[in-house]
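Both ligands and their constituent atoms are indexed starting at 1 by order of listing. Residue numbers run from 1 in the order of the sequence given.
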Amino acid sequence: MTSPLELLSVDHLLSEEERDLRDAVAHFVDDRVRPSIADWYESGLSESAVRELALEAGKLGLLGMHLTGYGCAGTNAVSYGLACMELEAGDSGVRSLVSVQGSLAMFAIWKFGSEEQKQQWLPGMAEGSLIGCFGLTEPDFGSNPAGMRTRARRDGDDWVLDGTKMWITNGSVADVAVAWARCTDDDKVRGFLVPAGTPGFSAPKIGKKLSLRASVTSELVLEGVRLPADAVLPEVSSLRGPLSCLNEARFGIVFGALGAARDCLAAAISYAQTREVFDRPLAAFQLTQAKLADMALELQKGYLLALHLGRLKDDGVLRPEQVSLGKLNNVREALAIARECRTILGANGITLEYPVLRHANNLESVLTYEGTSEVHQLVIGQALTGQSAFS
Ligand code: TGC
Ligand code: FAD
């Protein structure tokens, strides 16, 4: 029997170092995530568990792993992608923790911060003792962050921030929020570092989620939050800032979503071999084999696509519309695989005894966050036609 990810021997295209790193993350997931994930999902991941996981991920060098200096591991992009794949095979929420920390919050500081800001935040964030969040989305502006209502006005040397951010991963756990706001004096979008505990800043947790339950999601409320002049990220003053960070996190999701799909397929194959229907193993029926073959095919194609994008990124030539293509395809296919696997498990598929519906529910969020599938279609459409559907 061939495992679904070995069908095409895509691993042959990885270096030994990439394979070793991938295997180390897979062991971490086996040891630390799989035994607890059903409970975390059922009861919602606690803030103390987020902190513990962050410290452990930091020890493994996974936080900001593709960044250089300041305690970051400085791996290549493919290694970062493979780590995301293994983490998301455990749960999308665990991959989210690493994505938001490394690709959104740390990347924003690493790319657009001052030397002092980098020294202050990045080493602690890389070791997981400090947690960051990234506040772009607002209650009325998700796909169109250009419409944001959060404002930053100057008051002497200080900045004063007012506004609300919504759906912010790790908002209520974070030691520092990277909050994006439009400045009242020149109408430009800038990033601000808001330490937890700053008067006027609060981060109420969002409850009643049916997806990404092993991840903390919060609102960020900024009411007259006064920050010193040096709280602003000095190196960017347009939407290019947050959108550049999104490119990084979206890249991780191109690989990550495949991890969730692979975990579902492995569960479905194993279940189909032991479950007897009409006096034979479910795996022996042609309809089941056709489903498994089609899913394995999409998984392999997605893996090749991810790896190709990773090599382009490592060569410094990856374009945003290419990331959109990868995110659109791999999340869409991963979700389709998770749902199809659920059918193979029948009623057992709806429980937390098996990972399939948990992954499928998570992938509903993954399809929406970091740019919805429609946004990515329109980014690709713009690249193909030269016409922007957004403006
Ligand atoms: P547009 O007018 O085209 O551009 C504005 C400025 O941004 C630049 N730009 C980019 N820069 C880097 N990377 C990209 N992908 C970029 N796309 C555009 C552009 O060059 C321009 O720069 P400048 O310096 O000339 O001003 O932008 P637009 O307003 O038309 O918007 C385009 C659109 C719709 C694609 C964009 O707004 C978008 O991607 N919307 C989706 C928003 C989104 O993805 N939000 C995600 C929030 S974070 C999150 O979900 C975290 S989930 C947790 C986890 O990851 O686990
Ligand atoms: P909307 O933008 O209101 O979209 C609603 C629907 O309209 C979608 O189907 C969309 O594709 C469609 N649509 C929008 N524009 C067009 C168009 N031009 N043409 C056709 N259809 C269109 N955000 C952060 O900033 N930081 C975080 O850490 C973060 N974490 C998240 C964690 C979770 C679990 C979730 C679910 C979301 C998170 N988000 C975060 C928010 C996420 O990025 C947004 O939900 C996403 O960008 C979509 O915005 P929206 O929900 O407001 O949907």
Side-chain angles (χ1 to χ4, degrees), residues 44-45 84 87-88 91-105 107-108 111-112 131-148 150 164-174 177-180 182 187-191 203 205-206 209-220 235-254 256-257 318-325 327-328 331 361-383 387-391:
L45 191 64
C84 287
L87 292 168
E88 199 149 355
D91 192 82
S92 302
V94 179
R95 195 268 309 137
S96 260
L97 166 62
V98 170
S99 294
V100 169
Q101 177 85 346
S103 285
L104 295 181
F107 182 82
K111 181 82 180 165
F112 302 117
I131 293 180
C133 70
F134 182 88
L136 180 63
T137 304
E138 299 189 353
D140 293 325
F141 295 95
S143 297
N144 181 21
M148 70 175 70
T150 301
T164 308
K165 299 290 175 182
M166 194 65 185
W167 304 113
I168 307 307
T169 301
N170 283 339
S172 44
V173 193
V178 177
W180 298 92
R182 197 171 282 285
D187 208 35
K188 292 190 169 165
V189 170
R190 290 188 175 81
K205 199 167 158 177
I206 297 173
K209 290 185 299 174
L210 295 174
S211 173
L212 260 287
R213 292 184 51 76
S215 173
V216 171
T217 316
S218 318
E219 206 179 327
L220 303 184
E235 300 300 334
V236 75
S237 56
S238 94
L239 218 49
R240 183 174 61 80
L243 294 181
S244 304
C245 304
L246 295 183
N247 289 336
E248 300 299 307
R250 289 167 177 173
F251 169 79
I253 291 173
V254 175
L318 182 63
R319 300 197 301 273
E321 65 269 25
Q322 295 171 325
V323 180
S324 284
L325 206 128
K327 202 240 171 196
L328 173 65
V331 179
N361 280 357
N362 283 339
L363 287 165
E364 293 288 348
S365 284
V366 182
L367 194 73
T368 288
Y369 68 34
E370 296 287 1
T372 65
S373 44
E374 291 81 4
V375 160
H376 292 297
Q377 285 175 315
L378 294 174
V379 168
I380 296 164
Q382 182 173 355
Q387 310 274 347
S388 170
F390 301 116
S391 47

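Close contacts of ligand 2 with Ile168, meaning ligand atoms under 4.0 Å from a residue heavy atom, involve 24 (C), 25 (O), 26 (N), 27 (C), 28 (O). Distances below 4.0 Å separate heavy atoms of Ser365 from the following atoms of ligand 2: 34 (C), 36 (C). The contact set between ligand 1 and Val379, taken as ligand atoms under 4.0 Å from a residue heavy atom, comprises 35 (C). For ligand 2, the atoms closer than 4.0 angstrom to any heavy atom of Phe134 are 24 (C), 25 (O), 26 (N), 27 (C), 28 (O). Distances below 4.0 Å separate heavy atoms of Val100 from the following atoms of ligand 1: 53 (C), 54 (C), 56 (O). For ligand 1, the atoms closer than 4.0 angstrom to any heavy atom of Gly371 are 43 (C), 44 (O). Against a heavy-atom cut-off of under 4.0 Å, Ser244 is close to the following atoms of ligand 1: 12 (C), 13 (N). Proximity to Ala146 (heavy-atom distance under 4.0 Å) selects the following atoms of ligand 1: 29 (O). Taking every non-hydrogen atom of Thr169 and a distance limit under 4.0 Å, the qualifying atoms of ligand 1 come out as 53 (C). Every atom of ligand 2 is numbered from 1 in the order shown, and the set under 4.0 Å from a heavy atom of Leu378 is 17 (C), 18 (N), 19 (N). Close approach to Thr372 involves these atoms of ligand 2, each under 4.0 Å from a residue heavy atom: 10 (C), 11 (O), 48 (C).
When Val375, Thr368, Leu367, Leu246 are checked for heavy-atom proximity to atom 46 (C) of ligand 2, Thr368 turns out nearest. Nearest to atom 56 (O) of ligand 1 by heavy atom, out of Ser96, Cys84, Gly93, is Ser96. When Gln382, Arg250, Arg240, Glu248 are checked for heavy-atom proximity to atom 22 (O) of ligand 1, Arg240 turns out nearest.
Scanning the protein for heavy atoms near atom 35 (C) of ligand 2, the closest one is Tyr369 CD2, 3.8 Å. Closest protein heavy atom to atom 4 (O) of ligand 1: Leu243 CD1, 4.5 Å. The protein atom (non-hydrogen) at minimum distance from atom 30 (O) of ligand 1 is Phe390 CB, 3.9 Å. Given atom 9 (O) of ligand 2, the protein heavy atom at minimum distance is Glu374 OE1, 3.5 Å. With respect to atom 42 (C) of ligand 1, the closest heavy atom belonging to the protein is Gly142 O, 3.6 Å. Protein heavy atom in closest approach to atom 52 (O) of ligand 2: Gly142 CA, 3.3 Å. Nearest protein neighbour of atom 41 (C) of ligand 1, counting heavy atoms only, is Ser143 O, 3.5 Å. Closest to atom 24 (O) of ligand 1 among all protein heavy atoms lies Ser238 OG, 3.1 Å. Among all protein heavy atoms, the one lying closest to atom 50 (O) of ligand 1 is Glu370 N, 2.9 Å. Taking atom 5 (C) of ligand 1 as the reference point, the nearest protein heavy-atom neighbour is Leu239 CB, 4.0 Å. At the shortest separation from atom 29 (C) of ligand 2 among protein heavy atoms lies Trp167 O, 2.6 Å. When hydrogens are left out, the protein atom nearest atom 37 (O) of ligand 1 is Pro145 CD, 3.3 Å; that is the closest non-hydrogen contact.
Between Val173 and Lys205, every side-chain heavy-atom pair lies at or beyond the 4.5 Å cut-off. By the 4.5 Å heavy-atom criterion applied to side chains, Glu248 and Lys111 are not counted as neighbours. Between Leu104 and Glu370, the closest side-chain pair of non-hydrogen atoms falls below 4.5 Å. For the pair Leu246 and Leu243, the minimum side-chain heavy-atom distance is below 4.5 Å.
Distance check for atom 3 (O) of ligand 2: every protein heavy atom is found at 4.0 Å or beyond. In this structure, atom 40 (C) of ligand 2 has protein heavy atoms in its sub-4.0 angstrom surroundings. Inside a 4.0 Å radius of atom 13 (N) of ligand 1 there is at least one protein heavy atom. Atom 39 (O) of ligand 1 is flagged as protein-proximal [any protein heavy atom, distance under 4.0 Å]. Inside a 4.0 Å radius of atom 32 (C) of ligand 2 there is at least one protein heavy atom. Put simply, atom 13 (N) of ligand 2 has no protein non-hydrogen atoms near it, under 4.0 Å away. Put simply, atom 19 (C) of ligand 1 has no protein non-hydrogen atoms near it, under 4.0 Å away. Checking atom 9 (N) of ligand 1 against the protein gives a heavy-atom contact under 4.0 Å. Within the 4.0 angstrom cut-off, atom 1 (P) of ligand 1 has no protein heavy-atom neighbours. Protein non-hydrogen atoms do reach within 4.0 Å of atom 48 (S) of ligand 1. Of the protein's heavy atoms, none falls inside 4.0 Å of atom 7 (O) of ligand 2. The nearest protein heavy atom to atom 44 (O) of ligand 1 is closer than 4.0 Å.
The shortest N or O to N or O distance between Ser99 and ligand 1 is not under 3.5 Å. For the pair Ser143 and ligand 2, the shortest N or O to N or O distance falls below 3.5 Å. Between Thr217 and ligand 2, not a single N/O pair is under 3.5 Å apart. In terms of polar-atom proximity, defined here as any N/O pair under 3.5 Å, Ser388 makes no such contact with ligand 1. For ligand 2, the polar-atom distance check against Glu138 finds no nitrogen or oxygen pair separated by under 3.5 Å. Some N or O of Leu136 is nearer than 3.5 Å to an N or O of ligand 2, by distance alone. Between Arg95 and ligand 1, at least one pair of N/O atoms sits closer than 3.5 Å.
Counting heavy atoms closer than 4.0 Å to ligand 2, residue Asn144 contributes nothing at all. With a heavy-atom cut-off of 4.0 Å, Leu246 touches ligand 1 through its side chain alone. Under 4.0 angstrom from ligand 1, the non-hydrogen atoms of Thr137 all belong to its side chain. Counting heavy atoms closer than 4.0 Å to ligand 2, residue Thr137 contributes atoms from both its backbone and its side chain. The proximity of Asn247 to ligand 1, defined as any non-hydrogen pair under 4.0 Å, is limited to the side chain. Of all the heavy atoms of Leu104, the ones lying under 4.0 Å from any atom of ligand 1 belong exclusively to the side chain.
Side-chain atoms of Ser211 come within 3.5 Å of backbone N or O of Asn361 as a donor-acceptor pair.
Not a single heavy atom of Thr372 sits closer than 4.0 Å to an atom of ligand 1. Not a single heavy atom of Ser391 sits closer than 4.0 Å to an atom of ligand 1.
Contact record, Gly171 with Cys133: CA-SG, 3.9 Å, taken as the closest heavy-atom pair.
The environment of Lys188 atom NZ is sparse: at most 12 non-hydrogen atoms of other residues, nucleotides or ligands sit within 6.0 angstrom.
With hydrogens and angles left out, the side-chain atoms of Glu138 and Thr150 include a donor and acceptor closer than 3.5 Å.
Distance check: Ser172 OG to Ile206 CD1 gives 9.0 Å after rounding to the nearest 0.5 Å.
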